[in-house]
Number of protein chains: 2
Amino acid sequence: MPVQRNDCPVEVVFSILSGRWKIPIYRYLYKSNKPARYSALLRHLPAISKKILTEQLRELERDGIIERTSYPEPRPRVEYKLTAHGLSMIEFLDKMSEWGETYMLSGGKRY
Amino acid sequence: MPVQRNDCPVEVVFSILSGRWKIPIYRYLYKSNKPARYSALLRHLPAISKKILTEQLRELERDGIIERTSYPEPRPRVEYKLTAHGLSMIEFLDKMSEWGETYMLSGGKRY
DNA sequence: CGGCATCCAAAGTGATACTG
DNA sequence: CAGTATCACTTTGGATGCCG
């Protein structure tokens with residue numbers, strides 16, 4: 001039983017970001033620094049399928065990390081962007097990134 | 001194909017800590033602040049099986065987060081503790097924890 | 001005590017094709 | 001364009017039992 005798996009804030013964060021493409025999606029939205037279209041994400045993440053992209057976007061949206069806006073124009077268009085909440089994750093993500101770089105440089109883990 | 005999944009330091013960190021019991025194990029070792037026996041971990045994580053505990057410990061060991069010491073005494077004994085490297089993760093884990101708490105308080109995610 | 005071997009269930013990911 | 005639907009595959013986690 002999961003018991004109180006979600007009493008731990010760290011595990012909650014992990015559960016929000018766990019998913020093969022969550023970090024790549026976050027990175028893209030963060031770095032482009034403006035709303036990105038579904039098709040742009042699809043193009044930017046060459047190995048992802050539409051099904052998975054949609055799934056991961058839906059989850060990030062459900063968890064309040066990104067926001068989805070649909071423009072039902074002649075040419076349908078949907079844009080995604082980080083919410084303020086999502087943006088605020090950058091604080092610990094930066095720390096993680098630093099640690100990860102050091103780890104990798106120090107010969108941390110080889111694949 | 002994972003392509004360059006591990007070019008991203010953040011993803012490397014996630015891969016190190018992903019696993020149902022990695023965080024609980026880390027927490028226990030961190031808070032007890034001294035080597036912990038296999039049986040103590042088993043007792044402290046009621047829902048884990050021995051197979052899984054061993055697996056996750058082996059992975060954390062392989063990734064340099066914990067250290068395993070075996071005392072082949074009359075009564076066999078094995079102890080695990082965080083390495084300096086493992087301990088240094090606390091920096092970003094603390095940040096994550098803060099973020100997670102705020103997230104939960106603000107009604108973040110309900111299960 | 002501290003495991004490992006088997007076997008199995010569930011979750012996650014993906015390829016492909018179809019749709020409003 | 002931005003999705004769904006289906007089916008298949010891979011990875012992960014777990015139950016149980018045996019062993020030095």
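Nearest-nucleotide mapping onto DNA chain C: of B:Val78 and A:Ser49, the residue sitting toward the 5' end is B:Val78. Closest-nucleotide positions on DNA chain D for A:Arg58 and A:Pro76 were compared, and the one nearer the 5' end corresponds to A:Pro76. Each of A:Lys50 and B:Ser18 was assigned the nucleotide of DNA chain D with the nearest heavy atom; the assignment lying further toward the 5' end belongs to A:Lys50.
By the neighbour-count criterion of 12 heavy atoms within 6.0 Å, atom OH of B:Tyr30 is sparsely surrounded, having that number or fewer from other residues, nucleotides or ligands. Sparse packing is recorded around CZ of A:Arg27, with 12 or fewer heavy atoms of other residues, nucleotides or ligands lying under 6.0 Å away.
The residues B:Glu79 and B:Lys81 are annotated as not salt-bridged, no charged nitrogen and carboxylate oxygen being separated by less than 4.0 angstrom. Between B:Glu91 and B:Lys95 there is no salt bridge, since none of the side-chain N atoms of the basic residue sits less than 4.0 Å from a carboxylate O of the acidic one.
Between A:Ser39 and A:Arg43 the shortest side-chain heavy-atom distance falls below 4.5 Å.
Remark: A:Trp21 is in phosphate contact with C:dG14, judged by side-chain N or O atoms under 4.0 Å from OP1 or OP2.
Taking atom CG of B:Leu57 as the reference point, atom P of C:dC4 lies 10 Å away to the nearest angstrom. As a whole-Å value, the separation of A:Leu53 CG from D:dA2 C1' is 10 Å. In this structure, the CD atom of B:Glu55 is 18 Å from the P atom of C:dG2, given to the nearest Å. Distance B:Ile48 CD1 to C:dG3 P: 12 Å, rounded to the nearest Å. Atom pair A:Glu73:CD and D:dC1:P shows a separation of 13 Å (rounding to whole Å applied). Computed from coordinates, the A:Ile52 CD1 to D:dA2 P distance equals 18 Å when rounded to whole Å. Atom CZ in A:Arg75 sits about 16 Å away from atom P in D:dG3, given to the nearest Å. Look at NZ on B:Lys22: it is 9 Å from P on D:dT12, rounded to the nearest Å.
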* Asked: Between B:Tyr26 and B:Met89, is a side chain to side chain contact (heavy atoms under 4.5 Å, CB included) present by the stated rule, with each step listed?
  -> CA-CA 10 Å; B:Tyr26 186 99; B:Met89 299 181 109; 3.8 Å; yes
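If you check C:dG2, C:dT13, C:dA5 against the side chain of B:Arg77, the one that comes closest is C:dG2. With D:dA15, C:dG14, D:dG3 as the candidates, the nucleotide lying closest to the side chain of A:Arg20 is C:dG14. When distances are taken from the side chain of B:Lys51 to each of D:dG13, C:dG14, C:dG3, the shortest belongs to D:dG13.
Using bins of under 30°, 30° to 60° and over 60° for the plane-to-plane angle, the ring pair B:Tyr80/B:Tyr38 lands in the tilted bin.
Backbone-only contact: B:Gln56 has heavy atoms under 4.0 Å from sugar-phosphate atoms and none from a base. B:Tyr71 comes within 4.0 angstrom of no nucleic acid atom, judged by non-hydrogen atoms across all strands.
Heavy-atom distances under 4.0 Å link DNA chain C to no residue of residues 26-45 of chain A.
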